[in-house]
Amino acid sequence: MTLISSNEIRSKFSALMSEMYKNEVPLYGDLLDLVKTVNQQTLAQDVQLQAQLNMTGELDRLSLERHGAIRLGTAEELFNMRRVFAVMGMEPVGYYDLVPAGVPVHSTAFRAVRADDLNQSPFRVFTSLLRLELIADEKLRQLAEQTLSQRQIFTEQALALTEKFEQQGALSAHDADCFVREVLETFRWHTQAPVTKELYDSLHEQHRLIADVVAFKGPHINHLTPRTLDIDLIQLGMINQGMAPKAVIEGPPRRKCPILLRQTSFKALEEQVAFQTAQGQELGTHTARFGEIEQRGVALTPKGRKLYDELLNKTRHQLGGAPTENNAQQYMALLAQNFMAFPDSYAELRQQKLAYFHYFAEVKADCSLQMSDSTDVEALIEQGLLHFEPIVYEDFLPVSAAGIFQSNLGEGSQTDYVSVSNLAVFEQCLGRKVIDEIHLYEGIQQDSLKRAITKLTQSTT
Ligand code: OOG
Ligand code: NI
């Protein structure tokens, strides 16, 4: 019996999900076409970028690359989602508290964690858990809890195969095929809502997000995001094609050396939904699903991240709040101006320990490396024996995520919740600890350096 690797299962699932979403939201397909053209153009014009992506193993994964997002309603749903994603080699990385930004959820990102695995399939899912305790109206909260407790978002087969994986440590080809098809059902859009329009409306009144979670059969995938190499070109392309992107690109401004993550999206679509009534059905609409694009840059160290947060906060402070349609130009100008303080060459980013890098040995025939030299990274780089390339940021940004949520929830959806961040509660629901992303980047950097140094020492002795 051939066993299928988690990488293969993840890769199959990602392809299947993309197909499904293309059928459900045709604009996503248009976006994929736009991204493909822009990426080809950008690579053709920038051989250095092509070489860099080739070195780091990202070139081949580029056309496969995407993330999705879902919103869950209960601790049990999050617990089982963690088990299901584990079958695909995806683990919870990072904790994002969106409550301070007025969105009543906390989240993690499920993704592969090793560099090789990420290159085989970089598929990830931003997964949020609704914080029902933030619904002020107690009756409504109870009704929401009761509604959620009645739904099962996974098929029986999906859970059975997950259990089988947990027992065997892998799945057969047949089981893996069955698993991806069954799990896909959880993410499907349903035009029939299991609640009345009245309940939907009262949930919606509390927060559109609450209605989006509680009033549906399952956590429909709400966007799927391809990775572009030039998000400004995509933003222009979207405008030209009439896709109505959001006013500003979230994240850092355009730079020679991209950092972290830049994102933009087109607005959610209004879709028809059939609600339950005693007599049958009542039609209404719901707005949830949208399209998003991202451009990824180098992962920042805590020092780099601190500088990023400072400059972003400064910009928002100068603007007097979060950017809107009306002050988008001013925001982009301020952002660009403030980020002049962020070094914009890979050499400086590395030397000042602002970002993480992969190291590669440049083995030369005539070099003689002494063991004592072997740890002086700076000298090795100067001698051309050590080469470095940026480690791509694989995660998300809470301020950007809040901006993406908000642009698709409509104006006035920002609510001031009084609450404390609650990692411990989140981890308890999840059934394990979330992985610290900084730890992962540090590990990748250290491993690559160790490998490069070993190669250099071996080749000279
Ligand atoms: C998730 C929004 C966050 C991102 O790319 O930052 C996100 C959601 O709307 O459910 O996907
Ligand atoms: Ni997203």
Side-chain angles (χ1 to χ4, degrees), residues 14 17-18 21 25 27-28 31-32 35 65-73 77-78 81 85 90 92-111 122-131 153 186-187 189 207-216 218-228 231 234-235 238 245-246 248-252 260-269 271 286-297 308 312 322-323 392-410 413-414 426 437:
S14 165
M17 178 94 108
S18 186
Y21 203 59
V25 182
L27 267 178
Y28 165 68
L31 209 55
L32 284 183
V35 168
E65 181 132 12
R66 59 186 75 96
H67 82 252
I70 51 168
R71 302 151 183 174
L72 302 172
E77 289 175 1
L78 181 65
M81 195 54 89
F85 280 140
M90 295 158 82
V93 180
Y95 174 72
Y96 306 87
D97 183 13
L98 299 189
V99 172
V103 184
V105 301
H106 45 182
S107 322
T108 189
F110 285 95
R111 66 169 176 88
F123 179 62
R124 55 197 133 222
V125 180
F126 191 91
T127 304
S128 301
L129 177 64
L130 186 62
R131 297 185 66 180
I153 63 169
T186 300
F187 298 86
W189 173 251
H207 202 297
R208 169 144 21 132
L209 188 87
I210 298 175
D212 183 60
V213 179
V214 179
F216 292 86
H220 40 254
I221 184 91
N222 68 52
H223 66 280
L224 218 46
T225 306
R227 172 174 169 195
T228 177
I231 200 162
I234 299 279
Q235 180 90 347
M238 288 209 289
K246 69 193 279 301
V248 302
I249 295 175
E250 299 285 346
L260 296 174
L261 178 64
R262 299 183 72 206
Q263 297 171 300
T264 182
S265 62
F266 64 74
K267 298 256 171 68
L269 315 166
E271 298 175 281
H286 179 66
T287 314
R289 302 188 302 163
F290 59 98
E292 186 193 41
I293 342 286
E294 64 188 17
Q295 179 174 1
R296 293 189 171 267
Y308 169 80
L312 190 71
V392 67
Y393 187 59
E394 308 281 0
D395 295 289
F396 295 86
L397 298 168
V399 174
S400 300
I404 297 282
F405 265 108
Q406 247 121 30
S407 76
N408 291 289
L409 293 169
S413 60
Q414 189 146 353
F426 188 81
E437 66 276 17

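Remember, it's 1-based here, ligands and their atoms both numbered in the order they're listed.
Residue E292 has at least one heavy-atom neighbour below 4.0 Å for each of these atoms of ligand 1: 4 (C), 5 (O). Residue-ligand proximity, F396 to ligand 1, at heavy-atom distances under 4.0 Å covers atoms 4 (C), 5 (O), 6 (O). Applying the 4.0 Å criterion to heavy atoms of H223 picks out, from ligand 1, the atoms 1 (C), 7 (C), 11 (O). Residue A69 has at least one heavy-atom neighbour below 4.0 Å for each of these atoms of ligand 1: 1 (C), 8 (C), 10 (O), 11 (O).
The nearest non-hydrogen atom to atom 4 (C) of ligand 1, considering only R289, R71, Q263, comes from Q263.
Rounded to 10 degrees, the OE1-metal-NE2 angle spanning E292 and H223 at the Ni ion (ligand 2) equals 90°.
A salt bridge does not link R111 with E394: none of the charged nitrogens is closer than 4.0 Å to a carboxylate oxygen.
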Would you sort out whether R66 and E292 count as a salt bridge (charged side-chain N to carboxylate O under 4.0 Å, His left out), showing the intermediate values?
CA-CA 10 Å; R66 59 186 75 96; E292 186 193 41; over 6 Å; no
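Atom CD1 of I221 is separated from atom OG of S18 by 10.0 Å, given to the nearest 0.5 angstrom.
The aromatic rings of Y95 and H106 sit perpendicular, their planes meeting at an angle over 60°, well past the 30° parallel limit.
T127 contributes no side-chain N or O that, together with a main-chain N or O of A109, makes up a donor-acceptor pair within less than 3.5 Å.
Counting heavy atoms under 4.0 Å from ligand 1, residue H67 touches it through the side chain alone. Contacts with ligand 1 closer than 4.0 Å are made by no heavy atom of T225, backbone or side chain.
Aromatic rings from F216 and W189 are positioned such that their centres are separated by under 6.0 Å.
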